[in-house]
Amino acid sequence: MSGQDGRTSGLRLIPAILAALILRRSRALPGQRPAATDEAPAGPDYETSDVDAGRTALVMAALAVSALVAVASMVWLMAHVAAGQRRDRPAFTPQQTARLKPPPPNLQADPYADLARERAAEAARLDAYGYADAARQRAHIPIDRAMTLSVGRSLDP
């Protein structure tokens, strides 16, 4: 404030205010909207027109058709390339085309019966007298008899 009562600083603002009013009226300032006529007042959250539903449906249909065309062209391209690769391969030999018949599985028909027979044979061998070798040089006795004979005796010679 250059003056004693501050009048000189207030007078300097008048030309700036007048220039701003003139620019606003002439719409020369950037970002100015035209004056509203008979339409509703436009605010930041107000739409002046609705979306055209027909045009939106047309755009969506065009997008769907273009997606279908892209998928169909990729399927055609894959089939075309696969057919070309099949043509370029050599023919199969008779050995490659021969039908293989695997052998039947080597499984037991009744494994529990086989196990029972084996256990019965082992029990009979342990519970009976007999020879341990074909030359009849060594014999075996029932396990219970062998245990009663060896109880209380030293196994050292």
**Student:** In Å and rounded to the nearest 0.5 Å, what is the CD to CG distance from Glu118 to Leu115?
**Tutor:** 8.0 Å
**Student:** Do side-chain atoms of Asp133 reach the backbone of Arg138 as a donor and acceptor pair under 3.5 angstrom?
**Tutor:** yes
**Student:** When you compare the side chain of Leu149 with that of Ile141, does any pair of heavy atoms fall below 4.5 Å?
**Tutor:**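 The answer is yes, as the side chains (C-beta and beyond) meet within the 4.5 Å cut-off.
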**Student:** Hydrophobic clusters here meaning ILVMFWY residues chained together by side-chain heavy-atom distances under 4.5 Å, can you tell me if Leu58 and Leu63 are in one?
**Tutor:** no
**Student:** Kindly give the heavy-atom pair with the smallest separation between His140 and Arg125, and that separation in Å.
**Tutor:** CE1-O, 3.3 Å
**Student:** What are the two closest heavy atoms between Pro102 and Leu100, and how far apart are they?
**Tutor:**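 Heavy atoms of Pro102 and Leu100 come nearest at CD-O, 3.7 Å.
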**Student:** Rounded to the nearest 0.5 Å, how far does CZ of Arg87 lie from CD of Gln85?
**Tutor:**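 Going from the CD atom of Gln85 to the CZ atom of Arg87 covers 10.0 Å.
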**Student:** Which heavy atom in Tyr129 sits nearest to a heavy atom in Arg145, and how many Å separate them?
**Tutor:** OH-CG, 3.9 Å
**Student:** Whether the side chain of Glu122 engages the backbone of Arg119 through a donor-acceptor N/O pair (distance < 3.5 Å, no angle test) should be reported.
**Tutor:**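 No: the side chain of Glu122 does not pair with the backbone of Arg119.
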